[in-house]
Chemist: 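Below are the structure tokens for one structure; questions will follow.
The shown structure was predicted, so the numbers you read here are calculated from the model rather than taken from an experiment.
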Amino acid sequence: MQKVRGFYDLIGEEAEKYRFISDAARGVLNLYNFEEIILPVVEFRELFERSVGEATDIVQKEMFSFEDRKGRKLVLRPEGTASAVRAFIENKLYAQRPYVKLFYEGPMFRYERPQAGRRRQFHQIGAEVFGEERPHADAELIKTAYDVLNRLGVKTTLEINSLGCKEDRKAYAEALRTYLKEKESELCPDCLRRKERNPLRVLDCKNESCKQATRDAPLITDYLCTDCREHYETVKNYLKALGVPFVENPRLVRGLDYYTRTVFEFTSDELGLTVCAGGRYDHLVEELGGPPTPALGFALGVERLMQLVKLPEKEKDVYFVVPFGDKEVFTYALKVADALRREGKRVELSYRKGGLKKQLEFADRMGYRYAVIVGEDELKEGLVTLKDLKTGEQRKVKVI
Ligand code: ATP
Ligand code: MG
């Protein structure tokens, strides 16, 4: 039996890295007083068509889509924001408080070509803020992601941009369409289609020729209205005040349609890939049937971060309990292990067979700090032999 292409087992150190990243993110999110929401992995296909956007790569090509026995169109979720918004509306969270801050964690699924940094199942940790339109929320959210990345010791460049409001986008899309008309011969077939339905998508194309073709394209930042410009300037000023370094990238559009105003990406120079991305989506709640609610969020890509983090030294020494003898000795060893654990020690009762030499070699190879040897003599004396495998020192001690 084999695993499915693009899906992975996270074993040993990889699982530890996953947990390390999750714990660090949760630690920071807790300081910012976010609450966890645990969301389903399967949603109706329509949720993503209406939020992420029909013309996006995610919806057009990347969804794991299937029908259930009743013919309902379902998908394995490709991202978390749409689900969080659905849950926010469905559970009327807006009725409970003037604003809501949620975070989620879990697997996402996209039918992409598997390659470095691109899997079909990957994990995201995301944060969403509902109910605040003012720019201090943008700055604080970006700072939250920045704090997580710093806690992980991951070096990134933060790029930011503003996509303006609906009206700005409309005017800009028109200008971009006009510009792209002249460049048709250089665009990939996908972008020729995108150009009509959603020209901003062309700026996000990873195809070299399309990148070249859009080099001198008009910039969204030249199409911002006074309010959007003011919002963007204020976000930048707050970031400066918080000491968060950033660069402006007026071509940054993100791969999802729901964004308005602030968008941002943290990119690792070492990987050449984005490890965290997000932005504002002030109309999405309303578009999905909720009350008008400004909102914003980000998602961290856990697997990409796993490539960058270094695990800290294991915080605890392992006690390796080795019984030699009959069932009575094993009963004693089980109780010794139990007593040590009750003292808060990390204990491994040996399941390895063989003599003392083999046991100690194994303990050494596994990096265990102490051997706790339990034999007939120890049982009779009510003691154990504690051997420090680092120093070689050995003495009899009482555990129970
Ligand atoms: P990219 O431009 O790299 O395709 P994206 O815009 O599709 O990224 P988002 O939807 O914003 O990415 O997801 C947020 C983060 O999730 C990304 O920055 C990345 O770290 C991670 N991510 C996205 N797709 C994948 C994938 N297929 N495999 C692993 N991680 C991914
Ligand atoms: Mg993508």
Side-chain angles (χ1 to χ4, degrees), residues 51-53 55-58 78-82 84-85 124 126-130 132-146 148-149 156-173 176 194 198-206 211 214 217-225 227-240 242 244-268 273-285 287 293-301:
S51 55
V52 173
T56 59
D57 278 358
I58 293 179
E79 61 115 46
T81 299
V85 172
Q124 288 186 339
E128 314 288 349
V129 177
F130 296 99
E132 176 56 90
E133 76 283 0
R134 292 172 297 173
H136 60 307
D138 307 51
E140 207 184 24
L141 184 77
I142 293 172
K143 177 70 158 67
T144 312
Y146 179 74
V148 174
L149 295 166
T156 54
T157 303
L158 166 61
E159 292 177 67
I160 64 169
N161 192 21
S162 174
L163 299 179
C165 53
K166 273 186 176 163
E167 289 70 37
D168 303 347
R169 284 271 280 278
K170 212 182 263 167
Y172 175 62
L176 192 55
R194 290 179 182 131
N198 191 344
L200 264 74
R201 291 272 65 79
V202 179
L203 296 180
D204 199 37
C205 185
K206 282 155 183 108
K211 279 190 193 166
T214 56
L219 300 172
I220 179 74
T221 30
D222 293 327
Y223 288 80
L224 298 182
C225 65
D227 283 354
C228 287
R229 196 180 301 273
E230 166 73 15
H231 187 277
Y232 187 36
E233 288 306 317
T234 311
V235 172
K236 286 187 281 182
N237 286 333
Y238 289 158
L239 287 175
K240 282 179 199 155
L242 284 170
V244 179
F246 61 85
V247 290
E248 289 181 66
N249 176 0
R251 298 171 49 98
L252 183 69
V253 293
R254 309 278 307 109
L256 307 88
D257 279 352
Y258 50 62
Y259 287 114
T260 50
R261 293 193 163 174
T262 315
V263 288
F264 57 92
E265 287 189 355
F266 290 87
T267 300
S268 154
L273 289 168
T274 300
V275 293
C276 175
R280 218 172 231 293
Y281 48 92
D282 285 342
H283 305 298
L284 186 55
V285 176
E287 276 164 14
T293 308
L296 59 161
F298 69 72
L300 294 146

Chemist: Which heavy-atom pair separates Gly279 from Phe264 by the least distance, and what is that distance?
Modeler: N-CE2, 3.5 Å

Chemist: How close do Ala139 and Tyr238 get, heavy atom to heavy atom, and via which atoms?
Modeler: CB-CB, 3.4 Å

Chemist: Report the residues that fulfil side chain to side chain donor-acceptor pair (under 3.5 Å) with Thr262, sequence neighbours left out, ordered by chain and then residue number.
Modeler: Asp138

Chemist: Please name the pair of heavy atoms, one in Asp168 and one in Cys225, separated by the smallest distance, quoted to 0.1 Å.
Modeler: OD2-N, 3.1 Å

Chemist: Checking Asn161 against Arg251 for the side-chain contact (heavy atoms from CB on, under 4.5 Å) test, could you report, in this order, the C-alpha distance in whole Å, the side-chain angles of both residues, the deciding distance, and whether it holds?
Modeler: CA-CA 8 Å; Asn161 192 21; Arg251 298 171 49 98; over 6 Å; no

Chemist: Go through the structure and list residues passing salt bridge (Lys or Arg N to Asp or Glu O under 4.0 Å) with Arg169, not counting sequence neighbours.
Modeler: none

Chemist: Going by the rule side chain to side chain contact (heavy atoms under 4.5 Å, CB included), which residues pair with Asp257 if we only count those two or more places apart in sequence or in a different chain?
Modeler: Thr56, Asn198, Arg201

Chemist: Rounded to the nearest 0.5 Å, what's the gap from CD on Glu79 to OH on Tyr258? Could you check?
Modeler: 3.5 Å

Chemist: What is the minimum heavy-atom distance between Thr221 and Pro250, and which atoms define it?
Modeler: OG1-CB, 3.4 Å

Chemist: Could you give the distance from NE2 (His231) to CD (Glu133), rounded to the nearest 0.5 Å?
Modeler: 8.0 Å

Chemist: Could you pull out all residues at least two apart from Lys211 that satisfy side chain to side chain donor-acceptor pair (under 3.5 Å)?
Modeler: none

Chemist: Quick one: side chain to side chain contact (heavy atoms under 4.5 Å, CB included) partners of Asp57, sequence neighbours excluded?
Modeler: Lys61, Glu62, Arg194

Chemist: Could you check whether any side-chain heavy atom of Thr157 comes within less than 4.5 Å of a side-chain heavy atom of Val247, counting everything from C-beta outward?
Modeler: yes

Chemist: Any non-hydrogen side-chain atom of Leu176 less than 4.5 Å from a side-chain atom of Pro218?
Modeler: yes

Chemist: I need the Thr214 OG1 to Leu200 CG distance, nearest 0.5 Å.
Modeler: 11.0 Å

Chemist: State which residues pass salt bridge (Lys or Arg N to Asp or Glu O under 4.0 Å) with Glu132; sequence neighbours excluded, sorted by chain then number.
Modeler: Arg134

Chemist: By ring-ring contact (aromatic ring centres under 6.0 Å, His included), which residues pair with Tyr172, not counting sequence neighbours?
Modeler: Tyr223

Chemist: Tell me, with the steps shown, if Leu158 and Tyr146 meet side-chain contact (heavy atoms from CB on, under 4.5 Å).
Modeler: CA-CA 9 Å; Leu158 166 61; Tyr146 179 74; 5.6 Å; no

Chemist: At what distance, to the nearest 0.5 angstrom, does CG of Leu163 lie from CG of Leu252?
Modeler: 7.5 Å

Chemist: Considering residues at least two apart in sequence or located in another chain, which fulfil the side chain to side chain contact (heavy atoms under 4.5 Å, CB included) criterion with Lys170?
Modeler: none

Chemist: Tell me, please, which residues at least two apart from Glu233 pass side chain to side chain donor-acceptor pair (under 3.5 Å).
Modeler: Lys236

Chemist: Closest heavy-atom contact between Tyr232 and Ser162?
Modeler: CG-CB, 3.6 Å

Chemist: Please enumerate all residues that pass side chain to side chain donor-acceptor pair (under 3.5 Å) together with Thr267, with sequence neighbours excluded.
Modeler: Thr274

Chemist: Looking at residues at least two apart in the chain, or sitting in another chain, which of them share a side chain to side chain contact (heavy atoms under 4.5 Å, CB included) with Lys240?
Modeler: Asn237, Phe246

Chemist: Begin with the C-alpha distance, continue with both residues' side-chain angles, and end with the deciding distance and a verdict on side-chain contact (heavy atoms from CB on, under 4.5 Å) for Tyr259 and Leu284.
Modeler: CA-CA 8 Å; Tyr259 287 114; Leu284 186 55; over 6 Å; no

Chemist: Going from CD on Glu265 to OG1 on Thr156, what distance comes out if it is rounded to the nearest 0.5 angstrom?
Modeler: 11.5 Å

Chemist: List the steps, then state whether side-chain contact (heavy atoms from CB on, under 4.5 Å) holds for Asp227 with Cys165.
Modeler: CA-CA 9 Å; Asp227 283 354; Cys165 53; over 6 Å; no

Chemist: Any side-chain donor-acceptor pair under 3.5 Å between Glu287 and Ser51?
Modeler: no

Chemist: Going by heavy atoms in the side chains, are Leu300 and Leu149 under 4.5 Å from each other?
Modeler: yes

Chemist: For the residue pair Tyr281 and Leu256, establish whether any side-chain heavy-atom pair is separated by less than 4.5 Å.
Modeler: no

Chemist: Residues two or more places apart in sequence or in another chain: which of them pass salt bridge (Lys or Arg N to Asp or Glu O under 4.0 Å) with Asp282?
Modeler: Arg280

Chemist: Quick check for you: to the nearest 0.5 Å, what is the distance between Thr81 atom OG1 and Leu296 atom CG?
Modeler: 10.0 Å

Chemist: Looking at every heavy atom in both Val235 and Ile142, which two are closest together, and how far apart are they?
Modeler: CG1-CD1, 4.5 Å

